[in-house]
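Notes follow the structure.
Just so you know, residue 1 is the first one in the sequence shown, and it goes up from there. This structure is a prediction, so every number in the text was calculated from the model and none was measured.
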Amino acid sequence: MKVSLFKLGLGLTIIGIIWISFIFVETEKTYDTILLKQSDSFELNSEFEGADIGFYRVYMPEFAGEEVFVQILDTKDNVIQEEQVQTKMSVGYFDFNEDGTHTVKVTNISKNQINLQVEFGNTNSQQMIPAGVLILVGSVTMIVMSYLKIKNYKIEQPDENIS
């Protein structure tokens, strides 16, 4: 049985995508749902190790134009990142480089109370590098094989003056 390089590239890409999905699903993250009144704040903590990329997700199921203010605090309560969220769902990423407990602080800056779902954790991006290389190799293989296949493909053009 002969396997083409295109199919091999497709297989490598699919394996890499599944690998990255498993890594992201297995990450340690904290999750909570809360009802925030006007000007109230909510904090969610997560333990991070080493240097990597963290993420937070803020979801408002009954979104009606409300706004929240999100801050990411490091182990010494210094602000790493801040953002004003005005959408139903927002995902943000931030770099951290020290071990310890990091905090996401969400403040309701709208006039209504808001039902919020907040997720906070580490992406484990360093573990995704081999899977990313696998996806890159598979994608480049598919592109090169596609180019070689259509490089000499010619389409017949009809005569201009057909009556």
Interatomic spacing from [atom1] in [X] to [atom2] in [Y] - rounded to 0.5 Å:
X      : Y      : atom1 : atom2 : value
Phe6   : Ile143 : CZ    : CD1   : 10.0 Å
Asn108 : Lys111 : CG    : NZ    : 12.0 Å
Phe120 : Thr103 : CZ    : OG1   : 6.5 Å
Phe22  : Thr27  : CZ    : OG1   : 13.5 Å
Ser4   : Met142 : OG    : CE    : 11.0 Å
Gln113 : Asp40  : CD    : CG    : 9.5 Å

Beyond-backbone contact of [X] with [Y], side-chain heavy atoms, under 4.5 angstrom:
X      : Y      : answer
Arg57  : Lys29  : no
Val68  : Ile114 : yes
Asn124 : Glu26  : no

Does [X] belong to the same Ile/Leu/Val/Met/Phe/Trp/Tyr cluster as [Y], with side-chain heavy atoms less than 4.5 Å apart forming each link?
X      : Y      : answer
Val106 : Leu35  : no
Val70  : Val118 : yes
Tyr59  : Leu116 : no
Ile23  : Phe55  : yes
Val140 : Leu148 : yes

Out of Glu82, Glu43, Lys105, Gln81, which residue meets the side-chain hydrogen bond (donor to acceptor under 3.5 Å, both in side chains) rule with Gln71?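 When Glu82, Glu43, Lys105, Gln81 are each tested with Gln71, the side-chain hydrogen bond (donor to acceptor under 3.5 Å, both in side chains) holds only for Glu82.
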
Any idea which heavy atoms bring [X] and [Y] closest together, and the distance?
X      : Y     : value
Ser90  : Glu83 : OG-OE2, 3.5 Å
Asn112 : Glu66 : ND2-OE2, 4.1 Å
Gly132 : Ile20 : N-CD1, 4.1 Å
Phe96  : Ile53 : CE2-C, 3.7 Å
Ile72  : Tyr56 : CD1-CD2, 3.5 Å
Ile135 : Ile17 : CD1-N, 3.6 Å

Checking Thr33 now: which residues fulfil side chain to side chain contact (heavy atoms under 4.5 Å, CB included) with it, not counting sequence neighbours?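 Partners of Thr33 under the side chain to side chain contact (heavy atoms under 4.5 Å, CB included) test: Tyr31, Asn115, Gln117.
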
Donor-acceptor side-chain pairing of Asp52 and Ser125 below 3.5 angstrom: yes

Geometric class of the His102/Phe48 ring pair [parallel <30°, tilted 30-60°, perpendicular >60°]: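 Geometry flag for His102 against Phe48: tilted rings.
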
